[in-house]
Peer 1: 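Right, I'll just put the structure down here and ask away after.
The basis for the numbers below is simple: all heavy atoms, side chains too, and nothing from hydrogens, waters or symmetry mates. Worth saying up front: this structure is predicted, and the values here are computed from it rather than measured. In what follows, chains are A, B, ... by sequence order, proteins preceding strands, each numbered from 1.
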Number of protein chains: 2
Amino acid sequence: MAEDRLSVIFAALADPTRRGILARLAEGDATVSELAEPFAISLPAISRHLKVLEHAGLITRSRSAQWRSSSLNPEPLREATAWMERYRQFWDANFDRLDAHLRRIQAQTERNEP
Amino acid sequence: MAEDRLSVIFAALADPTRRGILARLAEGDATVSELAEPFAISLPAISRHLKVLEHAGLITRSRSAQWRSSSLNPEPLREATAWMERYRQFWDANFDRLDAHLRRIQAQTERNEP
DNA sequence: CCTATGTTTAACGCATCCGTTAATTAACGA
DNA sequence: TCGTTAATTAACGGATGCGTTAAACATAGG
């Protein structure tokens with residue numbers, strides 16, 4: 001009932017079928033039936049998983065005739081990783097130095113290619 | 001019942017109280033009571049959250065007298081981000097180039113400071 | 001229109017999650 | 001030894017998650 005955005009995103013990622021769906025969508029848009037094909041579960045079950053992913057903002061959907069196409073929307077993954085980055089210093093000793101370097105490069109790049 | 005490791009990790013992160021506990025532990029080890037203090041829920045509830053975090057490998061625990069201290073173990077966060085990195089190219093256009101640069105720097109650094 | 005195809009909704013069962021309060025365990029210390 | 005403090009386990013209730021099958025809906029197309 002809290003249902004903050006980050007919780008919804010992580011909960012959506014906490015199911016292997018949904019992660020499998022995202023992996024498939026990384027290769028291109030797909031219909032519900034196409035997404036269901038690799039899994040040994042019913043179509044309604046897949047339909048629900050898609051609704052969860054959509055609610056988390058991880059996919060967007062469009063309809064064309066009787067087909068509903070899903071496409072990956074990675075924005076929430078950026079949010080999730082952004083949250084985890086706060087802990088990165090704990091598991092990557094080189095992070096601070098490399099990150100600083102990265103920022104320098106990025107800033108330079110932005111100056112050269114505005 | 002699948003309970004692959006990644007699912008357990010993401011599920012553990014899908015609760016705001018547990019993320020709050022991790023945030024607190026990022027500032028240093030703490031006892032159960034200390035961890036419970038900011039939250040308006042009972043001690044047994046916190047105790048369960050800690051068990052979930054421990055099961056996900058996100059914390060390790062030690063006992064000293066009647067106090068049980070928890071400490072952050074960020075390794076699973078690394079795994080989770082590693083999974084998400086597969087999608088990074090979708091949300092960070094500069095990723096490929098910057099990553100290449102990063103690797104070059106890293107390799108150079110390792111040569112210079114073995 | 002009628003039917004075939006793709007997808008969703010409805011209704012249900014079962015397991016797990018998250019919280020509670022009460023009881024129990026563990027260890028310290030007067 | 002007895003009481004206090006720290007934490008966990010037990011037992012329960014309600015909500016949510018994930019699966020099923022059957023029914024409904026939407027659209028193309030003869």
Peer 1: Please report, rounded to the nearest Å, how far the P atom of C/dT8 is from the CG atom of A/L50.
Peer 2: 7 Å

Peer 1: So does B/S33 get a side-chain nitrogen or oxygen closer than 4.0 Å to the phosphate oxygens (OP1/OP2) of D/dT5?
Peer 2: no

Peer 1: Between B/R86 and A/A23, which heavy-atom pair has the shortest distance, and what is it?
Peer 2: NH2-CB, 3.8 Å

Peer 1: With a 4.0 Å limit, can you tell me whether B/R18 has a side-chain N or O closer than that to the phosphate oxygens OP1/OP2 of C/dC18?
Peer 2: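 For C/dC18, OP1 or OP2 has a side-chain N or O of B/R18 closer than 4.0 Å.
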
Peer 1: Would you check if there is a donor-acceptor pair between the side chains of B/T60 and B/S71 at a distance under 3.5 Å?
Peer 2: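 Side chains of B/S71 and B/T60: pair found under 3.5 Å.
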
Peer 1: Any base atoms under 4.0 Å from A/L43, or only sugar-phosphate, or nothing? Heavy atoms, all strands.
Peer 2: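 Base, at least one base heavy atom under 4.0 Å.
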
Peer 1: Using whole Å, report how far CD of B/E34 lies from C1' of D/dA7.
Peer 2: 13 Å

Peer 1: So what does A/S42 touch, heavy atoms closer than 4.0 Å: a base, only the sugar-phosphate, or nothing?
Peer 2: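 Result for A/S42 = base.
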
Peer 1: C/dT7, OP1 or OP2 - any side-chain N/O from A/K51 closer than 4.0 Å?
Peer 2: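 No, A/K51 has no side-chain N/O under 4.0 Å of OP1/OP2 on C/dT7.
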
Peer 1: OP1 or OP2 of C/dG19 less than 4.0 angstrom from a side-chain nitrogen or oxygen of B/H49, does that happen here?
Peer 2: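 It does, given that an N or O in the side chain of B/H49 lies less than 4.0 Å from OP1 or OP2 of C/dG19.
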
Peer 1: Rounded to the nearest Å, what distance is computed from the CZ atom of residue B/F39 to the P atom of nucleotide C/dG19?
Peer 2: 10 Å

Peer 1: Counting side-chain heavy atoms from C-beta on, which of C/dG19, D/dT8, C/dT8 comes nearest to B/I41?
Peer 2: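 Shortest atom-to-atom distance from the side chain points to C/dG19.
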
Peer 1: Grab the CD-C1' distance between B/E37 and D/dT5 for me, whole Å please.
Peer 2: 17 Å

Peer 1: Take the protein atom CD of B/E3 and the nucleotide atom P of D/dG17, then report the distance between them rounded to whole Å.
Peer 2: 15 Å

Peer 1: Grab the CZ-C1' distance between B/R61 and D/dT8 for me, whole Å please.
Peer 2: 9 Å

Peer 1: Assuming nearest nucleotide by heavy-atom distance, tell me which of A/V52 and A/W67 is located more 5' along DNA chain D.
Peer 2: A/V52

Peer 1: What is the distance from NE2 of A/H55 to C1' of D/dT16, rounded to the nearest Å?
Peer 2: 13 Å

Peer 1: Can we say B/E75 and B/R78 salt-bridge, meaning some charged N sits less than 4.0 Å from an Asp/Glu carboxylate O?
Peer 2: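 Yes.
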
Peer 1: Please tell me which of the listed nucleotides, C/dC18, D/dA26, D/dA7, lies nearest to the side chain of A/Q66?
Peer 2: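 When the side chain of A/Q66 is considered, D/dA26 is the closest of C/dC18, D/dA26, D/dA7.
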
Peer 1: If you go through the side-chain atoms of A/R48, does one of them form a donor-acceptor pair with the base of D/dG17 closer than 3.5 Å?
Peer 2: no

Peer 1: Please check this pair: side chain of B/R5 against backbone of B/E79, looking for a donor-acceptor N/O pair closer than 3.5 Å.
Peer 2: no

Peer 1: Do B/R68 and B/D29 meet the salt-bridge criterion of a basic N to acidic O distance under 4.0 Å?
Peer 2: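 B/R68 and B/D29: not salt-bridged.
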
Peer 1: Where the side chain of A/T17 is defined as all heavy atoms beyond and including C-beta, which of C/dA22, D/dT27, D/dG19 is the nearest nucleotide?
Peer 2: D/dG19

Peer 1: Let's see if you can work this out: which of C/dT20, D/dA7, C/dT7 has an atom nearest to the side-chain heavy atoms of B/V32?
Peer 2: D/dA7

Peer 1: Treating B/R48 as the side-chain partner and B/L43 as the backbone partner, does any N or O pair qualify as donor plus acceptor under 3.5 Å?
Peer 2: no

Peer 1: Starting at CZ of B/R63 and ending at C1' of C/dA27, how long is that distance when rounded to a whole Å?
Peer 2: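 About 8 Å, once rounded to whole Å.
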
Peer 1: What nucleotide, of D/dA7, D/dT9, C/dT8, holds the atom closest to the side chain of B/P44?
Peer 2: D/dT9

